Amino acid sequence: MRASFPAAARSSVPASLPAALKSCTALGLRALAASLHALALRSGAFADRFVANALLNLYCKLPPASYPSPVMHGTARVSQVAALESARKVFDEMADKDTVSWNTLVVFCTEKGQHQEALGLIREMWGDGCKPDSFTLSSMLPIFAERADVRRGMEVHGFATRNGFGDDVFVGSGLINMYANCTRTDYSVKVFDNLPGRDAILWNSMLAGCAQNGSAEEALEICRRMLHSGIRPMPVTFSSLIPVCGNLASLHLGKQLHAYVVFGGLDGNVFITSSLIDMYCKCGDVSTARHIFDRLQSPDIVSWTVMIMGHALHGPEREALVLFDRMELGDVKPNDITFLAVLTACSHAGLVDKGWKYFNSMSDHYGIVPSLEHHAALADILGRAGKLEEAYNFISNMQIKPTASVWSTLLRACKVQKNTVLAEEVARRIFELEPRSMGSHVTLSNAYSSSGRWNEAATLRKSMRKKGMKKEPACSWIEVKNKRHVFVAHDKSHPWYERIVGALNVFSEQMARQGYVPNTEDVFQDIEEEQKSHVLCGHSEKLAMVFGIISTPPGTTIRVMKNLRVCVDCHTVTKFISKIVGREIVMRDANRFHHFKDGNCSCGDFW
DNA sequence: TTAGGGTTAG
């Protein structure tokens, strides 16, 4: 027999239920929530719009526990579909739906990445006579942000303006992010500047939008303006801004932010510490990164991954594998990005068997399907280890269609191994997919040159010029006394140019006495050997390094950054100079970090 | 009374 409620109790049920359900949702009280659901049905309170909406929200935030727990991608998807179905069931049973009901479901779908379902619901909502409001619009914008669909994002913007939501801060922050993701930070700034009042989250939206899209200078400018407006920096301000320092490789700026973090007592925030570890790695100071990492009580997956990647790029690569194995023993499970880091370590260390082992364990032990990037990483491991044929077969037999970037890892390996026959075949494949691939044209031309096939190299260069293709100019930079100095080859514009060349000549004489012979392999022009060594003398990384040495006190570590890979001769020269001046020289190129000390390099001459 | 915005790794 079902208990019936006294009339007085029944009337008070709807008033108190929404708040009670909200508390259950917030505190994760599933059992109590289930009882309240039963109560709502028995008492008739479910007919109340507020009660039903609160229940719907409960089902979205706290789906019934009987569904499989979301562990890996595949299972999580099943779980989300089941959760949506259960929420939808509650929704369909509602007699009195309003905009809140629709929005609750829409938000649930967008947050779970079920974008098609969300857009379908919004169409259904229109058909039901319920017009989208600011909640709906701010939920739609992240969908077009992720798809970088600026056209549809702009349609939402237009709708918002026409319907009186142009001043809404939630719609505003959605628009700022959407435009930033579509690489239109200029529009983000316009939206931001036109919003009334000031809102701390909007400032952080602006900052994050610029930071995530490579607009480093703009991000710093936003930060200056924010502080000037009296908005205090928040934890999220630091976790957005610190990666900017890493991308600029600006160690002095990164250290300043680190100091603010420590003084503000924010060094326990996992977002901030992960970004600090990554920043120090990217700025060439891996030992400080490791120092921070070693003091973490319980590193999360991002902290582990950035530290593993740090060792993969700086060496010792085996330390990256030691960390990975340590992580596997704990509670934190590796994800697809962690595997990219560990495969990078295998590539730089030349560990073919381990590379295969980790690659296979992704699907065997973790249910992670290897992506194009993982395939490219394994192809790189094989190619760099000289197993060109194995790499070729591996790429040819991939389950997913290889892209030009996968093939290009093999092309670079062919150049290093001086196998121009295979290089031509691989380049043919690349040009079928990407006829104007600049990097691959240059690599093939360099492969011809370093094998002495000057005519083919010249013909290829000529056809590149004809097609209007220009090689990215090499440049290197160094920070001295908080100022960045940028050099291109034979750059005479620097005020210290004469002094740099003078010092370089002195070093050349010392190196010659110690047995140095210029390595002209990377001079891709058919000129006399003597001229080639002159070309080598002016390479941007040498200019930046020598400037660093003569403008800093003895013993100071020199950190040079280069946009392309370091050339073979510069690598040899830097080894000699590190010994002559007794300094550690760190050089970041497009592929990894080189730590030169006492005449040796951490890459073991394998890069 | 019920729904929404900003952060770390490739």
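Scope of the values below: all heavy atoms of this structure, side chains included, with no hydrogens, waters or symmetry mates. Reminder, nothing fancy here: chain letters follow the sequence lines and each chain counts from 1. From a predicted model like this one, the values you see are computed outputs, not experimental measurements.
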Heavy atoms only, 4.0 Å cut-off, all strands: where does A:Val100 land among base, sugar-phosphate and nothing? base

Under 4.0 angstrom, heavy atoms only, what part of the nucleic acid is A:Lys282 near: base, sugar-phosphate, or nothing? sugar-phosphate

Looking at residues 120-141 of chain A, who's got a heavy atom less than 4.0 Å off DNA chain B? A:Asp133, A:Ser134, A:Phe135, A:Ser138

Have a look at A:Ile277 and say if it touches a base, only the backbone sugar-phosphate, or nothing, with a 4.0 Å heavy-atom cut-off. nothing

Check: residues 199-208 of chain A side-chain donor-acceptor pairs under 3.5 Å, at least two apart:
unit_1: A:Asp199; atom_1: OD1; unit_2: A:Ile201; atom_2: N; d: 2.7
unit_1: A:Asp199; atom_1: OD1; unit_2: A:Leu202; atom_2: N; d: 3.3
unit_1: A:Asn204; atom_1: OD1; unit_2: A:Thr237; atom_2: OG1; d: 2.9
unit_1: A:Asn204; atom_1: ND2; unit_2: A:Ala200; atom_2: O; d: 3.2
unit_1: A:Ser205; atom_1: OG; unit_2: A:Ile201; atom_2: O; d: 3.0

So that I know where these two stand, are A:Tyr59 and A:His37 an aromatic pair - ring centroids less than 6.0 Å apart? yes

Nearest-neighbour nucleotide for the A:Val236 side chain, B:dT7, B:dA9, B:dA3 considered: B:dT7

Expected list for residues 248-272 of chain A near DNA chain B, using heavy atoms below 4.0 Å, is A:Val270, A:Phe271

Closest to the A:Gln212 side chain, choosing from B:dT8, B:dG5, B:dG4: B:dT8

A:Asn335, nearest nucleotide to its side chain (from B:dA9, B:dT8, B:dA3): B:dA9

Quick check for you: among B:dT8, B:dG10, B:dT1, whose closest atom lies nearest to any side-chain atom of A:Leu340? B:dG10

Looking only at side-chain N and O atoms, does A:Lys22 come under 4.0 Å of OP1 or OP2 in B:dT1? no

Of all the choices, B:dT2, B:dA9, B:dA3, which nucleotide is nearest to the side chain of A:Phe50 once you look at every atom? B:dT2

Looking only at B:dG4, B:dT8, B:dG6, the nucleotide nearest the A:Ser274 side chain is B:dT8

